[in-house]
Amino acid sequence: MSETAVKAPGVPDANRWKALVFIALAQLMVVLDATIVNIALPSAQQDLGISDGNRQWVVTAYALAFGGLLLFGGRIADLWGRKRTFVLGLAGFAAASALGGAATNEAMMFGSRALQGVFGALLAPAALSLLAVMFTDAKERAKAFGIYGAIAGGGGAVGLILGGFLTEYLDWRWTFFVNIPFAVIAAAGAWFVIREPEGGRNRSPLDIPGVVLSTLGLVALVYGFTRAESDGWGDSVTVVMFTASAVLLTAFVFVESRVKAPLLPLRVLTERNRGGVYLSLGLAIIAMFGLFLFLTYYLQVVKGYSPVKTGFAFLPMIAGMITGSTQIGTRLMTRVAPRLLMGPGFLVAAVGMLLLTQLEIGSSYAALLLPAMLLLGLGMGTAFMPAMSLSTQGVEPRDAGVASAMVNTSQQVGGAIGTALLNTIAASATTAYITDHIGSATSPSQQQLVQLEGLVQGYTSAIWFAVGILVVAAVIALTFVNAGRPNMGAAAGAGEGAEDEVPVPVVAH
């Protein structure tokens, strides 16, 4: 590590805004990757001869490694140092991306995706906790997390545009290769610019039983939901995975309450503000993942949009998220309590989602989809901003990596649940509609119309559930989160570590 790698605690880092550029670039790369590969998947599947039954592993291999190892990655960041872990994560992610782009068969593709997940699980918590310890002034922190939150929220939609361009005009392999310049620039910048504050390391011995139980438990949980999406909730493997996950995670909590140096100190979870943030963010992500999924299919299958046009159709949501994060959230964060931004933000997003329950085959983009996506973006951006900042408020610096990993974990699990749960609801409603109406369709064109109507019926049925989930997220944010404004001192009931002068916030992927 370079000599300028650390700085004295309590002194604002002169390079903190430069550091934000490189940390945000790394975050953009990870978030882009979540959607960019989905666009390229049909082309990659054809080129590599991946069967329909196995193609889900291109997505699942990444999700399992990333979701399963996040807590471990957060603890490694606290142990090794956040800057070192951040740079290592970037280097590994770039190498795994190069392997994916050069893949010649399905085994090489699946392996590269799993490796991307492993290094992403190191990179994400390190990036977030670095940002948390570098920005200590309340107003500066609000700006920094506003910018970062906009990238975290809008990057997925940018991935749809970039993925469409690269797949349509170059080759699917470029959806992997594009990560390499991102990673190299972010790693080089981080190495020379970031100076990590002293005294924030957690040098306790690694909790090996906790690592094993949490990793296996989270992998079983994420795979259970992924399996439910493709094989149904009653599938024997799905049931075994959920049962195993419940047993492993219960054992994990028991072990963590007993060991001297736990992987996840239970004090991180039990404080009501952080608990409320983890829960409400996880629920909001369930709704968001469902929306991306259904709108992408609606625009491409029902409306006949190209991948590039579909990506551009999501731009209003990105604009709404950027406005909600950097304008509304940042300006009000130091003036009002976080729950008064989170609760109404989730409710505004729910109103946008409610508009989408009116989808029909011939729905107008300008009259229905545009206002719905603007409201969704505004609401989510406004709510995510304070939620991300609050998620490690009052946490001791030695727990910052693990606390940031918990935000990532709640979102990763929320994404897996959202995709599986809402997809199942949509598929059931589509099947029921087609079964009821196909008998009256006599010509092929009428049958095709019934099929499309069935798809839209499925989407709207699932979107109703998403509306309800967002309302529940708002209620949780308004009732659980009781912290005051960031510049009013420690959060109410901030638990252990609340006496620290500066609350440490963190944002999520």
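For reference, positions follow the sequence shown, starting with 1.
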Gap separating the [atom1] atom of [X] from the [atom2] atom of [Y], nearest 0.5 angstrom:
{"X": "Ser236", "Y": "Arg227", "atom1": "OG", "atom2": "CZ", "value": "7.0 Å"}
{"X": "Leu356", "Y": "Met373", "atom1": "CG", "atom2": "CE", "value": "7.5 Å"}
{"X": "Leu369", "Y": "Leu359", "atom1": "CG", "atom2": "CG", "value": "5.5 Å"}
{"X": "Leu279", "Y": "Arg272", "atom1": "CG", "atom2": "CZ", "value": "13.0 Å"}
{"X": "Met380", "Y": "Ser325", "atom1": "CE", "atom2": "OG", "value": "11.5 Å"}
{"X": "Ser97", "Y": "Arg173", "atom1": "OG", "atom2": "CZ", "value": "14.0 Å"}

Is there a side-chain contact between [X] and [Y], using heavy atoms and a 4.5 Å cut-off?
{"X": "Ile361", "Y": "Leu449", "value": "yes"}
{"X": "Leu166", "Y": "Val178", "value": "yes"}
{"X": "Gln46", "Y": "Trp172", "value": "no"}
{"X": "Leu378", "Y": "Met321", "value": "no"}
{"X": "Leu71", "Y": "Val211", "value": "no"}
{"X": "Phe165", "Y": "Leu170", "value": "no"}
{"X": "Met241", "Y": "Leu221", "value": "no"}

Quiz prompt | Between Phe66 and Tyr62, ring centroids under 6.0 Å | solution = yes

Quiz item: Between Phe312 and Tyr305, is the ring centre distance below 6.0 Å?
Solution: no

Taking all non-hydrogen atoms of both residues into account, name the closest pair between [X] and [Y] and its distance.
{"X": "Tyr365", "Y": "Pro371", "result": "O-CD, 4.4 Å"}
{"X": "Leu264", "Y": "Glu256", "result": "N-OE1, 2.8 Å"}
{"X": "Ala96", "Y": "Leu115", "result": "CB-CB, 3.7 Å"}
{"X": "Phe384", "Y": "Ala284", "result": "CE1-CB, 4.2 Å"}
{"X": "Ile286", "Y": "Leu422", "result": "O-CD1, 3.5 Å"}
{"X": "Ala65", "Y": "Ala114", "result": "CB-O, 3.3 Å"}

Exercise. Under the side chain to side chain contact (heavy atoms under 4.5 Å, CB included) rule, collect the residues that match up with Glu106, sequence neighbours excluded.
Key: Ile50, Asn54, Phe110

Quiz item: Will you find, in the side chains of Ser363 and Gln358, an N or O donor that is under 3.5 Å from an N or O acceptor?
Solution: no

Self-check item: Side-chain donor-acceptor contact under 3.5 Å, Trp233 with Thr238
Solution: no

Quiz item: Can any side-chain N or O of Thr430 pair as donor or acceptor with the backbone N or O of Gly454 at less than 3.5 Å?
Solution: yes

Exercise. Check for a donor-acceptor pair, side chain of Asn273 on one end and backbone N or O of Asn482 on the other, with a separation under 3.5 Å.
Key: yes

Practice problem: Starting from the C-alpha separation in whole Å, work towards a yes-or-no answer on ring pair (Phe, Tyr, Trp, His ring centres under 6.0 Å) for Phe93 and Phe182. | Solution: CA-CA 10 Å; Phe93 200 92; Phe182 276 105; over 10 Å; no

Practice problem: Step by step, work out the side chain to side chain contact (heavy atoms under 4.5 Å, CB included) result for Gln451 and Tyr433. | Solution: CA-CA 9 Å; Gln451 298 271 2; Tyr433 183 91; over 6 Å; no

N/O donor-acceptor pairs under 3.5 Å from side chains in residues 455-476, not counting sequence neighbours:
from	atom 1	to	atom 2	distance (Å)
Thr460	OG1	Val456	O	3.2
Thr460	OG1	Gln457	O	3.0
Ser461	OG	Gln457	O	2.8

Quiz prompt | Check against side chain to side chain contact (heavy atoms under 4.5 Å, CB included), Val118 and Leu69 | solution = CA-CA 7 Å; Val118 170; Leu69 291 169; 3.7 Å; yes

Distance-only criterion, 3.5 Å: show the donor-acceptor pairs between side-chain atoms of residues 337-355 and protein atoms not counting sequence neighbours.
none

Practice problem: Give a yes or no on this: more than 12 heavy atoms of other residues, nucleotides or ligands lie within 6.0 Å of atom CD of Gln446. | Solution: yes

Practice problem: Step through the shown structure and confirm whether more than 12 heavy atoms of other residues, nucleotides or ligands are within 6.0 Å of CD on Glu360. | Solution: no

Exercise. Go through Arg113 and Met108 one step at a time and tell me if the side chain to side chain contact (heavy atoms under 4.5 Å, CB included) criterion holds.
Key: CA-CA 9 Å; Arg113 290 291 285 159; Met108 199 169 162; over 6 Å; no

